[in-house]
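Have a look at the structure below before the remarks.
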4 protein chains.
Amino acid sequence: MTIEDRRAQEAPPCLLASRQARAEATVVRVRHVTIGGGAPPVVIAGPCSVESREQLLATAAAAAAAGAAMLRGGAYKPRTSPYDFQGLGRDGLRLLREASEASGLPVVTEVMSPEEVELVADHADMLQVGARNMQNFPLLRRLARCARPVLLKRGVSATLAEWLLAAEYLLAGGNSQVALCERGIRTFDSEMRNTLDIAAVARVRELSHLPVLVDPSHATGRRSLVPAVSRAALAVGADGLLIEVHPDPDHALSDGPQSLTLEGFAQLMRSLDQPRRHVRAPSPDHG
Amino acid sequence: MTIEDRRAQEAPPCLLASRQARAEATVVRVRHVTIGGGAPPVVIAGPCSVESREQLLATAAAAAAAGAAMLRGGAYKPRTSPYDFQGLGRDGLRLLREASEASGLPVVTEVMSPEEVELVADHADMLQVGARNMQNFPLLRRLARCARPVLLKRGVSATLAEWLLAAEYLLAGGNSQVALCERGIRTFDSEMRNTLDIAAVARVRELSHLPVLVDPSHATGRRSLVPAVSRAALAVGADGLLIEVHPDPDHALSDGPQSLTLEGFAQLMRSLDQPRRHVRAPSPDHG
Amino acid sequence: MTIEDRRAQEAPPCLLASRQARAEATVVRVRHVTIGGGAPPVVIAGPCSVESREQLLATAAAAAAAGAAMLRGGAYKPRTSPYDFQGLGRDGLRLLREASEASGLPVVTEVMSPEEVELVADHADMLQVGARNMQNFPLLRRLARCARPVLLKRGVSATLAEWLLAAEYLLAGGNSQVALCERGIRTFDSEMRNTLDIAAVARVRELSHLPVLVDPSHATGRRSLVPAVSRAALAVGADGLLIEVHPDPDHALSDGPQSLTLEGFAQLMRSLDQPRRHVRAPSPDHG
Amino acid sequence: MTIEDRRAQEAPPCLLASRQARAEATVVRVRHVTIGGGAPPVVIAGPCSVESREQLLATAAAAAAAGAAMLRGGAYKPRTSPYDFQGLGRDGLRLLREASEASGLPVVTEVMSPEEVELVADHADMLQVGARNMQNFPLLRRLARCARPVLLKRGVSATLAEWLLAAEYLLAGGNSQVALCERGIRTFDSEMRNTLDIAAVARVRELSHLPVLVDPSHATGRRSLVPAVSRAALAVGADGLLIEVHPDPDHALSDGPQSLTLEGFAQLMRSLDQPRRHVRAPSPDHG
């Protein structure tokens, strides 16, 4: 990094992420899938963690059959305790690539460290910044120079201004393909895992041209609430949903209580009007 | 109060407000209007404060014409500062009664003190417990012995358990006509006036048989967000909406920034599928 | 209440509770005890609830012997559940009076309703507004016209501005004998019962001339933390402490886990430099 | 990283950071300075950001003269906006080394990325993990294999369990020289920059053997409150203080409003009993 990089850049008259800088909605393209800009909402489904080939391929096939547009799954997992399952790492990335090709679904997965961006970008179609890393600025700076779209989750105690300024690190660094994801904030309430800030989705739409998705699984932490909250998210205007699905949630290595079963996910998709039948044929052109 | 009253009552095996105590949904009846139990969602509209005869009658007529089911308006106002407008009190109650009769809309208004319950109940069809008074137990005990249905708002930092236990004071004391209202909780976020806890609506439905409404006006504090958040509330399964409407929000004595204009409210109602045309003819039988 | 009362009073150029309105510290006098204005910090000790004559007299005697300046104890208890012990009411007030006279300690107790202010004021030397009632404005208006000093606890989600405006209801209504009490706020943390906002004590001192006490018992909910937090409160400049003490905490009807034993309280008092030996002889002149 | 590293380690019967695992207090040694284990509290002082040679050397000299035990200062700065000053980076590290040698004070500075750990460890005596990176697990894993003590700040919305589990990443990975630092949590309150959780200091002491420091500058965001809050922190039992000091706070590139002047810092040190005269002679043996 040069001295010039280190010193602050000149701030633009208004933030690049703001509506003032760009009135029309940004469309994020992940292979054949488009997010935002009035496109039908996308549903991104998959397990919290990639646990095995069987688990992932079964989930991807079921997600595609039910109408999901993309596959999600974690290979590098940020875990509160060092003694919890930390993810399959590079092996998990290979399985995600295989499941993506088998199902035709583009795949999004989390990256936790600048050092791993290149490797993860070789295997995934979209890179996720998790809530804990929303203000990991070295990671954001590295992703700004990466040729993959980014899914930027809101930190559990981030204000909207802080969230949009985290996106600004990506935009100002050269990557305009950024989708935001509201996944619940931390409040005094302990009935749910987090508190979904549904009004923030509508408010961010006013402030910014970037698409906004909602993660009802992390927001609630309770499988039974995912369908109702998914409907609310689409009604408020979210550009998509990020939903945890597992073939056997009771034996999941992480996030079992908030994961839908394959059949539960299919039921949810049938209950939503808009996002159904969003899958396209597998694209052969992915590098 | 006797010694017997003062000592704790025997707790029932499960809370009266819980689904365990009563599986089927409670229907709250406010004159001809029914809330809960699968009835179409009700929209309760009106100004934050009753300010004048003209303001209230115009709002009530417009609310009725647009399809509101009930009228709201404050005569006794809980205000953070003693130097803010404190409401018209008894005069406000008379105006609410007049507006109710003119428009055919039953009226709900807040009561702040046990001493005022009788007077307010003489003028209103439903009594509201505001967020600041959710744990005003002398008030709840008095309302439990009142023959009017109660709208119980969630306190800004109340857990779901505390909210349902506040309702339990009403149920255990003899008043089973209780509707809950989620109106946003206090969190670190300062972009909105409060944070609407939309998942709580779905969760309370699992825990309790009482109907649940949503107040998008207080939850967001921003007029522009009320329509999107209203749609989300209905999508998540709310039994109704409580919306602030004012003929001239810029000159309102309270809550102007979150109040819809009369035309804005009519537009909102046209945009909602379900609750339209809910008004019935004025009932002549109100005492 | 007349129309004039109902309409807002003219606001003064600055709040009566502010340092701008009054530079010198307010001294609150509760019989022979002085709070604030550079007086040695007072310790107010006693049980959460008055449970019996034996319990209260033993606690009062031990508190006095250890150096407490005042006695606390609840006769009317705000309880989250209607099935919890609600306090002894009028009988509890009589016991507080008796314990006060036996020990020589002035007594503070909570009042929950405007209707009960007169009765409670007949028995207690200082009236407490609990955290749940900080914005119970009819109660504050009634206490403003009462000839007893008031201990105003901060609401669990009240900002400093809201807290000082609640005090303003008392001051503007004619009662300038107001002491504030920080007792912890509600945050995401669940390790302690509340989060003691220690910096608020120093900040309120800058903003207001009113004395500020700290309640380490409610703030932490854990007996083992009360001594360390008490020392911190005095170090930050609190004018006093409010501490729960019980002869047999394991069998207390409320707040057992946060109550000190009689011996634990005596140890705490020996560990504090300043407030020791604050008791004076019983005053015979109490009406 | 091998597959073995990636899979979760076997959890010990109790956390290494807990009192169950180790009853006696951990002493952290930073060159000649000892933190914890009953040693007199240390005061770590310095600017938020290293801005220039003059600024840093003047601050270090004044800090040493006033009795500070260590020097702090940021070379890599986590800034909410990409347009804010991002720190001098490598040049800042060199200045910190120079200031440390000139003043005799060991230096602590923040590291934000695993890639920078080696470089920062070459220049600093202790490495700081900032609040935003408390759950940056790749960073923690790298620091676990570093031969420098670590100052682990609590995340703004981290529970005590999450904080201690972040420390566990360090301990389990091989670095037992860990000091914790409470710097305020994010709550609804907006009067202060954060809410100092003073009781957490006492609670962490019960749960863990690691030393705990307090940062009153970030906790309050207000210079005027730093002295009172510092006294409270020492009274509650903190093992040290982390205080922002700047020769000209009004022109600081970051955190000016919460920085003490050099004279303000000297006054603060004179007002504290315990930590005075903690400086030792410069140690010649630092590599």
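All of these numbers come straight from a predicted model, not from anything done at the bench. Lettering follows sequence order; numbering is per chain, from 1.
Counting only heavy atoms from C-beta outward, the side chains of D:Arg203 and C:Thr220 never approach each other to under 4.5 Å. Contact of the D:Phe188 side chain with the C:Ile185 side chain is registered, since non-hydrogen atoms from C-beta on lie closer than 4.5 Å.
The line from CG of C:Asp197 to CE of D:Met192 is 4.5 Å long, rounded to the nearest 0.5 Å.
Contact annotation for C:Ser224: both backbone and side-chain heavy atoms come within less than 4.5 Å of a heavy atom of chain D. Proximity to chain C (any heavy atom under 4.5 Å) is shown, for D:Ala233, by neither the backbone nor the side chain. Heavy atoms closer than 4.5 Å to chain D are found nowhere in C:Ala161, neither backbone nor side chain. Neither the backbone nor the side chain of C:Val226 comes within contact range of chain D; no heavy atoms are under 4.5 Å apart.
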Problem set entry | Derivation and outcome, side chain to side chain contact (heavy atoms under 4.5 Å, CB included), residues D:Leu225 and C:Glu206 | CA-CA 9 Å; D:Leu225 301 178; C:Glu206 292 181 346; 3.5 Å; yes

Exercise. Step by step, would you call D:Arg186 with C:Thr187 a side chain to side chain contact (heavy atoms under 4.5 Å, CB included)?
Worked result: CA-CA 8 Å; D:Arg186 185 162 275 190; C:Thr187 71; over 6 Å; no

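Closest approach of D:Ala228 and C:Val236 over heavy atoms only: O-CG2, 3.6 Å. Between D:Ala235 and C:Ala235, the closest heavy-atom pair is CB-CB, 3.6 Å.
Ranked by heavy-atom pairs under 4.5 Å with chain C, the list D:Gly237, D:Ser157, D:Pro216, D:Ala200 is led by D:Ser157. If you tally non-hydrogen atom pairs under 4.5 Å between each of C:Ile198, C:Val201, C:Val229 and chain D, the highest count goes to C:Ile198. Chosen from D:Arg205, D:Arg231, D:Glu191, the residue pairing most often with chain C at heavy-atom distances under 4.5 Å is D:Glu191.
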